[in-house]
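These notes are about the structure you will find just below.
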There are 2 protein chains.
Amino acid sequence: MSVVESLSNSMSIEVKESCEETAQRGRGRPRDEVARTRILEAALEVLQEVGFANTTTDAIAERAGASKATIYRWWSNKAAVVIEALRKQVSRDTPFADTGDLVNDIHLQLQGFVEFLTGWRGRVFKAFIAAAQNDPAFAESFRTDWILPRREEAKEIFERHKERGALAKNVDLELLLDAMYGPIYFRLLAGHGRLDADFAKSVGDMTIRSLVTS
Amino acid sequence: MSVVESLSNSMSIEVKESCEETAQRGRGRPRDEVARTRILEAALEVLQEVGFANTTTDAIAERAGASKATIYRWWSNKAAVVIEALRKQVSRDTPFADTGDLVNDIHLQLQGFVEFLTGWRGRVFKAFIAAAQNDPAFAESFRTDWILPRREEAKEIFERHKERGALAKNVDLELLLDAMYGPIYFRLLAGHGRLDADFAKSVGDMTIRSLVTS
DNA sequence: GATTTACGATACTATCAAGTTTCGAAAACT
DNA sequence: AGTTTTCGAAACTTGATAGTATCGTAAATC
């Protein structure tokens with residue numbers, strides 16, 4: 001069983017539905033929630049294949065077996081669809097290691113993250129980051145919905161390690177997280193080296209070494 | 001004097017001119033090298049302001065005071081202009097610390113890199129990385145012209161530190177470089193924390209701590 | 001059954017940008 | 001002077017796509 005799977009039952013961040021649109025009881029035919037799901041899934045698929053710059057609403061509609069009219073009935077524009085799709089994925093796929101052992105936690109977190117990025121979700125993720133550099137709406141969502149919640153969760157775990165005495169009180173947790181995840185992001189985006197379990201292990205080892213004397 | 005300025009006389013990587021187009025002696029009016037320079041500079045300016053996805057050839061031409069015909073006379077397409085412009089900047093702005101002292105080198109390199117990214121060039125750089133996620137030509141140039149040369153140069157410096165005994169022979173230099181630069185890239189792209197001299201110092205300290213027991 | 005709303009399909013409009021062409025003028029060589 | 005090539009300016013063509021509108025149908029409420 002993979003690390004990601006073994007952690008998938010951990011607490012996930014619930015994203016509040018922004019719109020009052022969801023299944024409002026009224027007169028006519030209700031919103032087709034299946035179509036909604038298909039559209040969001042299709043958006044991620046297309047995004048992952050061609051990047052946001054080359055993602056078209058026609059492609060999303062065709063992939064979803066839906067109509068463009070349906071898309072624009074529920075989302076104000078193309079970016080809104082993709083951003084909601086990305087947020088949905090975030091709320092599902094954020095396993096996080098919390099075993100009680102510091103060394104173990106660090107390794108499992110890095111291992112799980114690399115596994116998360118390998119393959120399908122890695123390409124989605126790259127597209128997300130790229131879009132965030134060109135469009136402020138994506139940048140905001142990337143920070144608010146992805147980066148910050150994960151960091152807060154990780155910081156809580158590390159705070160408990162501090163209280164248990166496994167981690168020195170004066171360790172800068174922001175810096176620690178950057179040291180852990182920075183190299184992973186770096187290889188993901190620059191592609192200059194392998195991004196696999198061995199690398200995750202090495203980064204973890206190095207991070208832990210940097211803590212012993214701090 | 002800034003770290004970047006103090007290092008700006010160091011060896012820079014000479015990029016070979018790809019095209020035989022440059023100043024071929026023939027019959028008619030020769031190529032206007034001033035216009036060429038203006039076009040490349042304008043390309044970077046526009047890129048840095050709006051990102052590659054929103055960069056238009058019209059904007060580049062207008063900014064450069066040139067004609068689109070001139071652009072397409074010498075470059076096959078829009079991406080070619082921008083990629084050459086980025087390559088030109090790389091060949092100029094790659095100061096690298098090599099003082100002979102390991103701790104000093106690490107801190108100066110990180111300091112110089114953060115300074116490089118702060119302000120104008122940081123935005124160019126972000127646009128470069130974003131484009132690399134959507135367009136294979138940019139990705140190739142990013143690795144070949146930017147990442148790899150810098151890493152090779154840094155690895156040579158660290159190899160000398162190994163020979164001097166300042167650095168353990170078994171240290172993985174690829175990993176070391178990822179640990180140094182990964183966190184910087186991370187903050188540059190995710191924007192979740194400050195990217196300043198203090199941060200560079202902290203990353204350097206942490207990196208050095210991770211080396212002492214390795 | 002009448003009404004209301006959503007649906008898929010499709011045609012449509014409007015915009016924007018890449019790349020081309022034309023033209024008169026300028027700058028080199030012979 | 002004549003020739004060749006480039007230049008800037010501007011008009012132009014072409015293609016792609018975001019977003020809208022229409023229409024007949026399906027699924028709910030009253």
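In what follows, every chain begins at residue 1, and chains take the letters A, B, ... in the order their sequences are listed.
The shortest distance between side-chain heavy atoms of A:Asp178 and A:Arg151 falls below 4.5 Å.
The stretch residues 47-66 of chain A touches DNA chain D through A:Thr55, A:Thr56, A:Thr57, each having a heavy atom within less than 4.0 Å of the strand.
Of the possible donor and acceptor atoms, none in the side chain of A:Gln48 sits under 3.5 Å from a partner among the backbone N and O of A:Arg123.
Within the 4.0 Å cut-off from OP1 or OP2 of C:dA6, not a single side-chain nitrogen or oxygen of A:Trp74 is found. Neither OP1 nor OP2 of D:dC7 sits under 4.0 Å from any side-chain N or O of B:Arg38. For C:dA6, neither phosphate oxygen OP1 nor OP2 lies less than 4.0 angstrom from any side-chain nitrogen or oxygen of A:Thr70.
Which of C:dC7, C:dA11, C:dA18 sits closest to the side chain of B:Lys68 comes down to C:dA18. Closest to the side chain of A:Pro30, out of D:dA27, D:dT5, D:dA10, is D:dA27. Checking C:dT10, C:dC29, D:dA26 against every side-chain atom of B:Arg27, the shortest atom distance belongs to C:dC29. The side chain of A:Lys78 lies closest to D:dG19 when the candidates are C:dT22, D:dG19, C:dA6.
For the pair B:Arg73 CZ and D:dA9 C1', the computed distance is 18 Å after rounding to whole Å. Residue A:Glu33 contributes atom CD, which lies 12 Å from atom P of C:dA6 at whole-angstrom precision. Going from atom CZ of B:Arg29 over to atom P of C:dA26 covers 9 Å, rounded to whole Å. In this structure, B:Ile39 places its CD1 atom 12 Å from C1' of D:dT6, rounding to the nearest Å. Rounded to whole Å, the distance from OH on B:Tyr72 to P on D:dT6 is 18 Å. To the nearest angstrom, P of D:dA21 lies 17 Å from CD1 of A:Ile71. Note: CG (B:Asp32) to C1' (D:dT5) measures 13 Å, nearest angstrom.
Around CD of B:Glu49, the count of heavy atoms belonging to other residues, nucleotides or ligands within 6.0 Å exceeds 12.
Annotation: of the two residues near DNA chain D, B:Gly28 and B:Ser67, the 5′-most nearest-nucleotide partner is B:Gly28.
Distance check, rounded to the nearest 0.5 Å: CG of B:Asp205 to CG of A:Leu175 gives 9.0 Å. Expressed to the nearest 0.5 Å, how far NE2 of A:His107 lies from CG of A:Leu102 amounts to 10.0 Å.
Listed by chain and number, the residues in a ring pair (Phe, Tyr, Trp, His ring centres under 6.0 Å) with B:Tyr72 amount to none (sequence neighbours excluded).
Considering B:Phe125, B:Phe128, B:Trp146 as possible partners of B:Tyr185, the one that fulfils the ring-ring contact (aromatic ring centres under 6.0 Å, His included) test is B:Phe125.
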